[in-house]
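To start, the structure itself, in structure tokens.
Note on naming: letters A, B, ... go to the chains in the order of the sequence lines (proteins, then strands), and numbering restarts at 1 for each one.
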Amino acid sequence: MKVEAVRGMTDILPEETSLWQYVEAEIREAVALYGYREIRTPIVERAELFARGVGETTDIVHKEMYVFPDKKGQLLALRPEATASVVRAYIEHGLYARGGVAKLYYLGPMFRYEKPQKGRKRQFHQYGVEALGSLDPALDAEVIDLAWYLMERLGLRREGLFLRLNSIGCPRDRPRYREALREYFLPHREGLCTDCQRRLDENPLRILDCNGHTCQEIARDAPRSLDYLCEGCRAHFDELLGYLDALGLAYEKDPKLVRGLDYYTRTVFELASRDLGAQDALLGGGRYDGLAEALGGPPTPGVGFAGGMERLILVLGEREPGERCYRLISGPRAYLLPVAEEEKAEALKILAALRRAGISADMDYAGRSLRKRLQVAVQRGARYALFLGEEELSRGEGKVRDLETGVEEYVPVGELVPYLQGRS
RNA sequence: AGGAGCGUAGCUCAAAGGCAGAGCACCGCGCUGUGGACGCGGUGGUUGCGGGUUCGAGUCCCGUCGCUCCUCCCA
């Protein structure tokens, strides 16, 4: 039986990794412009972190998290998202003691046990930013601006994107909203799925993003969080809208947007592509003012977003080749062609010298014919072919063929490095 | 989670119960030491896997695994 990659976990092959590297580099540069510095947290955390941070009743933790005991029986989890980890690290290392706003970004694999489909894998990759330590709605606006900037920088048209925006209030007005939802759903209790009947008691907010059809139907006319905001949350939201207007960033208020994670407070948003199908969200995020405290740290407000690399790659990959602004990795500069076995040792020495001089160089190890090897050199995009045969090596020379012009020149072996360096 | 479709060579796909094929790719030769063309030849498959029906299954049936799409949720 052939061993294959496990379901929903895919290999990213060299043809694709150049695009990945390009996107990653753009992300790093873009977020650096906004003052974010990278943080790398472990892929494995205690399962408890996500239960407390993301929320026990969320689908992500409840149904989709990879959980397993380690050899001591400690319950561990593959991270389903990174915000909880970042905040955990922020608390653990006392980053709050440095004052001001901590701006952190990350990039890496996440894991969710879901049914895989286009743009949704079980191991997928997210990039994200977290700004910790400020309640200022201007920071929400800046984070959203960064999201837009990143998409623009990657060459996505603004018209092809749209921002869904909502406020789900704070812990102070959450009970009122929860009560309103419960009151609304109670008469429909029998129509709800068993999951939602449980959610009705535990966390009625989650009914709003249940995937059952009838639950969707029932939820359509449910009370809206925007109508249950306290004065502070109302003001925060209005201020944010003002800043977005000032920045010229379009948004669509979406009262159904609650996001699948419990830690969100106030601002929630998603930036989606009109060019994608069912999985259209390119990135999503919001404010999480209670998360740090819930994880045992000092009360620290935060706001951020996370985006999916696979989605981004999909959208970028579907564009016309001419629109693509990433470069493919170039081939070796020099390709060595030892004519017979006897010249291989010399070829290896020259290869080593060229590479140490910063000149990319390669040769064939597959035992192919000389003609074939020259073809491969051209295919690989080499600029020079270097023939090493008895004839020229006996004179201490190699024959350099310029593969663009076809011009050949004999060059002493000791001068190959300056010779190749001196040409553009 | 629900619905639909598809799994045949490395890739794209044929074979409508009767000899598993083509194109591309790969390798060699023509060209004993020199280019993407051309010509000739060659390697490559337990038809995803497991059962069943049949004289006979890539084809029909059941199961299973995987992928794709839709609904939904989300990254």
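By the stacking rule of 5.5 Å between ring centres and under 30° between planes, A/Phe387 does not stack on the base of B/rG33.
Taking the C1' atom of each, B/rA22 and B/rU64 are spaced 32 Å apart, rounded to whole Å. Straight-line distance between the C1' atoms of B/rU54 and B/rA14: roughly 25 Å, to the nearest whole Å. A gap of 47 Å separates the C1' atoms of B/rC72 and B/rG18, to the nearest Å. Here, B/rG28 and B/rG35 have their P atoms 14 Å apart, quoted to the whole Å.
Side-chain atoms of A/Arg112 lie closest to B/rC74 of the nucleotides B/rU71, B/rG33, B/rC74. The nucleotide whose nearest atom lies closest to any side-chain atom of A/Arg7 is, among B/rG35, B/rG66, B/rA75, B/rG66. In the set B/rG36, B/rC70, B/rC27, B/rG36 carries the atom at the smallest distance from any side-chain atom of A/Gln375. For A/Glu391, taking side-chain heavy atoms from C-beta onward, the closest of the listed nucleotides B/rC27, B/rG33, B/rC74 is B/rG33. Of the candidates B/rG33, B/rA75, B/rG28, the closest approach to any side-chain atom of A/Glu392 belongs to B/rG33. The side chain of A/Val339 sits closest to B/rG33 out of B/rA75, B/rG35, B/rG33. In this structure, of B/rC69, B/rG36, B/rC74, it is B/rC69 that holds the atom nearest to the side chain of A/Lys118.
A/Asp173 meets the side chain to side chain donor-acceptor pair (under 3.5 Å) test with no other residue; sequence neighbours excluded.
Between A/Lys121 and the phosphate of B/rU68, there is a side-chain N or O to OP1/OP2 separation shorter than 4.0 Å. Phosphate proximity of B/rC27 to A/Ser369: absent, as no side-chain N or O sits under 4.0 Å from OP1 or OP2. At B/rA1, none of the side-chain N or O atoms of A/Lys115 fall inside 4.0 Å of OP1 or OP2 (strictly under the cut-off). The side chain of A/Gln117 contributes no N or O atom lying less than 4.0 Å from OP1 or OP2 of B/rG3.
Of the residues in residues 251-258 of chain A, none has a non-hydrogen atom less than 4.0 angstrom from any atom of RNA chain B.
Within the nucleic acid shown, A/Glu390 comes within 4.0 Å of at least one base atom, counting heavy atoms only. Base contact: A/Gly406 has a heavy atom under 4.0 Å from a base atom. Within the 4.0 angstrom heavy-atom criterion, no nucleotide atom of any strand lies near A/Leu388. When heavy atoms are screened at a 4.0 angstrom cut-off, A/Leu337 is found touching no nucleic acid atom at all. The residue A/Gly285 sits apart from the nucleic acid: no heavy atom pair falls under 4.0 Å.
B/rA9 makes up no base pair with any nucleotide shown, lacking Watson-Crick or G-U wobble contacts both under 3.5 Å. In this entry B/rA4 has B/rU68 as its Watson-Crick or G-U wobble partner, both defining distances falling under 3.5 Å.
In this structure, the CZ atom of A/Arg401 is 11 Å from the P atom of B/rG36, given to the nearest Å. As rounded to whole Å, 8 Å separates atom P of B/rC74 from atom CD1 of A/Ile60. Look at CG on A/Leu370: it is 7 Å from P on B/rG33, rounded to the nearest Å. When rounded to the nearest whole Å, the span between CZ of A/Arg199 and C1' of B/rC72 equals 12 Å. If you take NZ of A/Lys63 and P of B/rC73, they are 12 Å apart, rounded to a whole angstrom. Atom CD in A/Glu16 sits about 14 Å away from atom C1' in B/rC11, given to the nearest Å. Atom CZ of A/Arg371 is separated from atom C1' of B/rC31 by 5 Å (rounded to the nearest Å). Regarding A/Arg122, its CZ atom lies at a distance of 18 Å from the P atom of B/rA75, rounded to whole Å.
Nearest-nucleotide positions on RNA chain B for A/Arg206 and A/Thr10 put A/Thr10 closer to the 5' end.
For B/rC73, its base never sits under 3.5 Å from the side chain of A/Arg259 at any donor and acceptor pair. No hydrogens or angles were tested; on distance alone, a donor-acceptor pair under 3.5 Å links the side chain of A/Glu114 to the base of B/rA75.
Looking at heavy atoms from C-beta onward, A/Val258 lies out of side-chain contact with A/Val268 at the 4.5 angstrom threshold. Inter-residue side-chain proximity for A/Val101 and A/Asp136 is flagged as unmet; no heavy-atom pair is nearer than 4.5 Å.
Between the side chains of A/Tyr90 and A/Glu130, no donor-acceptor pair is found at a separation under 3.5 Å.
Taking the centre of each ring, A/Tyr34 and A/Tyr149 come in below the 6.0 Å mark. Between A/Tyr177 and A/Tyr228, the ring centre distance stays below 6.0 Å.
A/Arg40 CZ: 12 or fewer foreign heavy atoms inside a 6.0 Å radius. Crowding of A/Arg224 atom CZ: a count of heavy atoms from other residues, nucleotides or ligands under 6.0 Å not exceeding 12.
Note that the CD atom of A/Glu343 and the CG atom of A/Leu348 stand 12.0 Å from one another [nearest 0.5 Å].
Cation-pi geometry between A/Arg380 and A/Tyr335 is not met: the NZ or CZ atom fails to fall both under 6.0 Å from the ring centre and inside 45° of the normal.
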